[in-house]
Amino acid sequence: MKRRKYQKQKIDSKKNGISTSPIKKILTWILCIASLSYIVYFFVVLSGIKVIDPISENSSNHYLLSKNKSDLERTLILFEDGVGEKRRISDVFLLFSNSEKDISLVTYVPGDIYFSGLEENFGAPIQISSLRYAGDFLQENRGVEYSVWQMGQILGVKVDNYIWLTTESRKVLERTMGGNIEVQESFKEYYKNTEGATIGENFLLLHGLSNRFSYLKFFLNASDIKGLDKTIYTNLTVLKALSKIATFKNIVRNGDTYAIDLSSPTYLDDKLSERGGQITTINTENFDKAFRSFYIKVLDRGLEEERVRVEVYNGSGIPGSAYQLGRKIENSGCDVVRYGNAPKNISKTTVYIPQPESFSNSLSVVKEILSGMYEEVNGRPDFMTTGDIVIVLGEDIKLMYRF
């Protein structure tokens, strides 16, 4: 009896195994097919997301963006608020990151401060928040391009990449990542020079967005990310643009990162507007001084070792152009030792460099700032100079100010 009972249990066990095994296999196949289908769906959605690059569309790359490949990468990130005619630039971040040195510099610009330099077109300084509107006013649908250009003028720099997050794209990212951006006081611990420097809450917005970013959440919310289509303005692909935001927190945490917050009174001047009332403008002298002290830390070693001396002379007939161009050259790591007026105006901008082989990195900087619009001479001008590179600006420099 015991033997028969044991054999019956054995037969029942086999029957159960035979009956349940196909179900398990079917469920496993269904799960695999569903997972594979979702992965395919995700990549189809991702590949369908397009960005808009107004700078490329208007063929402005050569004078707005740098093409100089190096260990130092410069990215301009702009946050936008509002919709329709109420769109405004709320926050601007400039990230300089040297992968070889593992050192970075983050500059923050609030949208509510004014910029002096556009009085010719608008009669008075205008707020950074209004740059897109101002550009669209001058030429329809060129506000984004105009804003990137003017941010380069304001900060005296030329960037490699720009990422413009519209209101729509920010909402999609916040919804995908699970809520509003959280700014934590602890983020300040990752910046090297917070002692004695003012860092406001808005400075940490980009860090907050990056800290919340999760590739897993991004993957699991494929239906939501479709809302990113044509809502980001950038010269990068959507994946590269989002990757820069995602990795920002690691850049700050894992290396030496310095901070400049232009909402700090140190970098601001209060003045009376010609239209009445008081406005707050950027003190470019104080900003440049701080920026250059930190920029020397992230500078490419090749450029740093050349220790070039540059002289800039104005032969263009445009007042202040030597200072404007020279400022960008200085903020790019070259030492401008002299500004002045040329003995006479010339038609073609000329760069004199007696020893080009000794200053190849510095010459690349000059080439980027001048957008390649110059004639190079291996020698010196016919007036007294001592610089390693001497720039005489010509009337053709007007092309760099066209819009």
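Residue numbers count from 1 along this sequence. Every heavy atom of this structure was used, including side-chain atoms; hydrogens, water molecules and symmetry mates were not.
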Trainee: Can you confirm whether or not the ring centre of F93 sits under 6.0 Å from the ring centre of F79?
Mentor: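 Ring-ring flag for F93/F79: true, centres closer than 6.0 Å.
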Trainee: Verify the neighbour count for atom NZ of K171: are there more than 12 heavy atoms of other residues, nucleotides or ligands below 6.0 Å?
Mentor: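 Check fails, neighbour count at 12 or below.
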Trainee: Go through the steps for K101 and E304 under the test side-chain contact (heavy atoms from CB on, under 4.5 Å), then give the verdict.
Mentor: CA-CA 12 Å; K101 285 185 172 181; E304 185 180 7; 3.0 Å; yes
Trainee: Taking CD in E201 as the centre, count heavy atoms belonging to other residues, nucleotides or ligands within less than 6.0 Å. Is the count above 12?
Mentor: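 Not more than 12 within 6.0 Å, no.
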Trainee: With a 3.5 Å cut-off and no angle check, do the side chains of N361 and D300 form a donor-acceptor pair?
Mentor: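 Checked: N361/D300 side chains show no N/O donor-acceptor pair below 3.5 Å.
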Trainee: Can you name the nearest heavy-atom pair linking V392 to Y352, along with the distance?
Mentor: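 It is CG2-CE1, 3.9 Å.
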Trainee: Would you call R309-D335 a salt bridge at under 4.0 Å N-O?
Mentor: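 No.
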Trainee: Just checking, any donor-acceptor pair under 3.5 angstrom between side chains of D396 and T349?
Mentor: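 Distance-only check passes for D396 and T349.
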Trainee: Side chains of Y162 and D53: is there a donor and an acceptor less than 3.5 Å apart?
Mentor: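 Distance-only check passes for Y162 and D53.
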Trainee: Between K188 and E185, does any side-chain N to carboxylate O distance fall below 4.0 Å?
Mentor: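 Salt bridge present between K188 and E185.
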Trainee: For K24, is there any backbone N or O sitting under 3.5 Å from a side-chain donor or acceptor partner on T28?
Mentor: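 Pair found, side chain donor or acceptor close to backbone of K24.
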Trainee: Ignoring hydrogens and angles, state whether a donor on the side chain of T385 or R380 is under 3.5 Å from an acceptor on the partner side chain.
Mentor: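 The criterion, which ignores hydrogens and geometry beyond distance, is satisfied for R380 and T385.
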Trainee: Around F383, counting heavy atoms of other residues, nucleotides and ligands shown, do more than 12 lie under 6.0 Å from its CZ?
Mentor: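 Yes, because the 6.0 Å sphere around CZ of F383 holds more than 12 heavy atoms from other groups.
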Trainee: In terms of the angle between their ring planes, are Y108 and F203 parallel, tilted or perpendicular, with boundaries placed at 30° and 60°?
Mentor: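 The arrangement is perpendicular - the two ring planes meet at more than 60°.
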Trainee: Taking atom types as modelled, find out whether E376 and T350 have a side-chain donor-acceptor pair closer than 3.5 angstrom.
Mentor: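 Short answer, no.
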Trainee: Are N211 and R253 linked by a side-chain donor-acceptor pair shorter than 3.5 Å?
Mentor: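 Yes, because at least one side-chain N or O of N211 sits under 3.5 Å from a partner of the opposite role on R253.
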Trainee: Quick test of your reading of the model: are E73 and K244 salt-bridged, counting only N-O distances below 4.0 Å?
Mentor: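 Salt bridge: yes.
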Trainee: Would you check if there is a donor-acceptor pair between the side chains of D270 and T280 at a distance under 3.5 Å?
Mentor: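 Distance-only check passes for T280 and D270.
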Trainee: Verify the distance criterion only: is there a donor paired with an acceptor across the side chains of N331 and R292 at less than 3.5 Å?
Mentor: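 Note: N331 and R292 side chains meet the donor-acceptor criterion.
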Trainee: Salt bridge check, K67 against E368: does any charged N sit closer than 4.0 Å to a carboxylate O?
Mentor: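 The answer is no: the pair does not qualify as a salt bridge.
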Trainee: Would you say that more than 12 heavy atoms from the other residues, nucleotides or ligands in this model lie under 6.0 Å from the CD of E357, or not?
Mentor: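 Yes, enclosed.
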Trainee: Verify the distance criterion only: is there a donor paired with an acceptor across the side chains of R327 and Y339 at less than 3.5 Å?
Mentor: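 Absent: no donor and acceptor within the cut-off.
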Trainee: Can R88 and E80 be counted as an ion pair, charged N to O under 4.0 angstrom?
Mentor: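 No.
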Trainee: For the side chain of N98 and the backbone of V298, is there at least one donor-acceptor N/O pair under 3.5 Å apart?
Mentor: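 Between the backbone of V298 and the side chain of N98 there is a qualifying donor-acceptor contact (under 3.5 Å).
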Trainee: Any donor-acceptor pair under 3.5 Å linking the side-chain atoms of N314 with those of S316?
Mentor: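 Yes.
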Trainee: Can you see which heavy atom on I113 is nearest to which on L262, and at what distance?
Mentor: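 Here I113 and L262 meet closest at CD1-O, 4.2 Å.
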Trainee: Quick check with a 6.0 Å cut-off and a 45 degree axis cone: is K297 positioned over the face of Y258's six-membered ring?
Mentor: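 Judged by the rule, K297 and Y258 form a cation-pi pair.
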Trainee: Does the ring center of F43 lie less than 6.0 Å from the ring center of Y41?
Mentor: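 No, too far apart.
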Trainee: Is the shortest side-chain heavy-atom distance between V351 and E375 below 4.5 Å?
Mentor: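 No, too far: nothing below the 4.5 Å cut-off.
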Trainee: Does D136 reach the main-chain N or O of G143 with its side chain, forming a donor-acceptor pair under 3.5 Å?
Mentor: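 Yes, D136 side chain to G143 backbone: donor-acceptor pair under 3.5 Å.
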Trainee: Tell me the closest heavy-atom pair linking V172 and I225, and the distance in Å.
Mentor: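 Shortest heavy-atom separation between V172 and I225 comes out as CG1-CA, 4.1 Å.
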Trainee: Is it true that N58 and E145 share a donor-acceptor pair across their side chains at a distance under 3.5 Å?
Mentor: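 Note: E145 and N58 side chains meet the donor-acceptor criterion.
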